[in-house]
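This report refers to the structure that appears directly beneath it.
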Amino acid sequence: MKIMVVGGGGREHAIIKALKKSEKCEKIWALPGNGGIAQDAECVGIGATDIPAIVEFAKNNPVDFAVVAPDDPLVLGCVDELEKLGIPCFGPRANAAIIEGSKVFSKNMMKEFGIPTARYEVFDDMEKALAYLEDAPIPTVIKADGLALGKGVIIAETRDDAKAAVRSMMEDKVFGESGSRVVIEEFLTGPEVSVLSFTDGKTVVPMVSSMDHKRALDGDKGLNTGGMGTIAPNPYYTKDVADECMEKIFLPTMNAMNKLGRTFKGCLYFGLMITENGPKVIEYNCRFGDPETQVVLPLLESDLLEIMQAVAEERLSEVEVKFADRSACCVVLASNGYPKKYDKGFEITIGQLADNADFYIAGAKLENGKLLTNGGRVLNVVASADTLREAIDDAYKASKNITFENAYCRSDIGQRALLALNK
Ligand code: AMP
Ligand code: GLY
């Protein structure tokens, strides 16, 4: 089969490497891919949000199957357009991708169908939002309604910070039109768990759970980033928690989307917080998480392409989705200074890695045969092993064999999970 993968980061590299393991996979195009993905797929210079160009490419090439990985093209209806050409796709249509594309939609859906989440209010009038904040409980959480490159959430520790956040979104439009409506919600506490799932609207099959590390610096300090590392499985996601999530969150979400005429097919990501009152939904994503995918897919023993096809054809219940009973750790090597200012253009040298380790390139370009850094998060180093401790040690060992000037990584990925395991 000839497969088109839309996207160009570490997540897409992990998806492409997993698809290549399938006997049925003959060829992969990546739109746009990146300098590192070019080793595993043919990169085509079409941006992931350029829907007309993606459609044109699909018309002119023998594409048998498409995987649309990032949020923006999904929300913009990339799958709808490709399906019109008769190309089977992995990924939700626009009317289902709204589960990530609008926080107001997803919060209202959860309220209507009794899916546990933080209490909230929606505002499209700034003065009303500011008035509400006069006696809202603090800390509080302010969220821009629409997509904001993963940055539309502000946790305000004081009333003044909360008001400033509302003004920045609604008046200064720091997140563009995404901030015309805001959700103000209850601040929850507890460990966070990411659960990616396959769903075809009839069945929902959770993948192995994972834990993201969003802050830039060790000890969960510093600015929020797109994710500095991940581990799987997440020790807070016990069998009991998993059962409760299936009953109160996963199945009700799938059923709610069906009832609303918005059947979700693809990877549905549940961002959960395990609170004193049970698991609650912090956010939904309409796609594979980044960098969760980079620890989840290396543990997948079944054929990813077969699963994705089964999702597209609504026969997910017929295929096996099996994960290894092992652990994995992903360390993100970033450019020093990320998520603020950083320099680019340094050569990346990749040495020999052990059999249980691999790498995915997130932000790099090829120039005269050299791989050069070209983004904040440059690459992901992943190792899997029988225990989490070994996976962490092996991922850090492997990271020593990949070098570029100005590289930075957190040194404590997985330590919180180890503490939880040893409690
Ligand atoms: P993101 O939506 O990925 O930018 O992530 C926002 C992050 O903010 C989450 O991973 C949580 O750590 C945090 N967060 C979001 N909503 C809440 C909430 N209601 N209570 C506490 N923390 C939250
Ligand atoms: N790692 C969180 C996300 O993909 O949004």
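Every number for a ligand or one of its atoms is a count from 1 in the order of the listing.
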Legend entry - Steps toward salt bridge (charged side-chain N to carboxylate O under 4.0 Å, His left out) verdict (K103, E185): CA-CA 11 Å; K103 294 208 158 70; E185 73 176 30; over 6 Å; no
Inset, instruction - Examine E283 against ligand 2 and note whether any of their N/O atoms are separated by less than 3.5 Å. - result: no
Inset, instruction - State, with a plain yes or no, whether a side-chain heavy atom of F346 is found less than 4.5 Å away from one of S335. - result: no
Legend entry - Aromatic ring proximity Y408/Y338, centre distance under 6.0 Å: no
Legend entry - N or O pair under 3.5 Å between L188 and ligand 1: yes
Inset, instruction - Considering the heavy atoms of G289, write down every atom of ligand 2 situated less than 4.0 Å from one of them. - result: 4 (O)
Inset, instruction - Check whether any side-chain N or O of S22 sits under 3.5 Å from a backbone N or O of D303 as a donor-acceptor pair, and report yes or no. - result: no
Legend entry - Selection from V141, V183, I155, T189 by shortest heavy-atom distance to atom 18 (C) of ligand 1: V141
Legend entry - Distance filter under 4.0 Å to E192 heavy atoms, resulting ligand 1 atoms: 9 (C), 10 (O), 11 (C), 12 (O)
Legend entry - ligand 1 contact on E186 by region, counting heavy-atom pairs under 4.0 Å: backbone
Legend entry - Check: D212/T230 side-chain N/O donor and acceptor closer than 3.5 Å: no
Inset, instruction - Distance to 0.1 Å, residue and atom name: give those for the protein heavy atom nearest to atom 2 (C) of ligand 2. - result: Y269 OH, 3.5 Å
Legend entry - Close side-chain approach of V319 to S302, heavy-atom, < 4.5 Å: no
Legend entry - Contacting atoms of ligand 2, where contact means under 4.0 angstrom from a heavy atom of R287: 3 (C), 4 (O), 5 (O)
Inset, instruction - Output the list of atoms in ligand 2 that are nearer than 4.0 Å to some heavy atom of N285, sorted by atom number. - result: 3 (C), 5 (O)
Inset, instruction - For D212, take its heavy atoms, then give the atoms of ligand 2 lying under 4.0 Å from any of them. - result: 1 (N), 2 (C)
Inset, instruction - Considering the heavy atoms of E185, write down every atom of ligand 1 situated less than 4.0 Å from one of them. - result: 16 (N), 17 (C), 18 (C), 19 (N)
Inset, instruction - Give a yes-or-no answer on whether the side chains of N108 and Y120 include a donor-acceptor pair shorter than 3.5 Å. - result: yes
Inset, instruction - Give the numbers and elements of all ligand 1 atoms closer than 4.0 Å to a heavy atom of F187. - result: 20 (N), 21 (C)
Legend entry - Distance-only polar pair, side chains of S210 and E292, donor-acceptor under 3.5 Å: no
Inset, instruction - Compute both the distance and the angle, then confirm whether K17 meets the cation-pi test with F359: under 6.0 Å from the six-membered ring centre, within 45 degrees of the axis. - result: yes
Inset, instruction - With heavy atoms of K143 as the reference, note each atom of ligand 1 found under 4.0 Å away. - result: 15 (C), 16 (N)
Inset, instruction - Report yes or no: does a heavy atom of R11 sit under 4.0 Å from some atom of ligand 2? - result: no
Legend entry - Check ion pair E134-K163 (N to O, under 4.0 angstrom): yes
Legend entry - Shortest protein contact, atom 1 (N) of ligand 2 (heavy atom only): E292 OE1, 2.8 Å
Legend entry - Nitrogen or oxygen atoms of K103 and ligand 1 under 3.5 Å apart: no
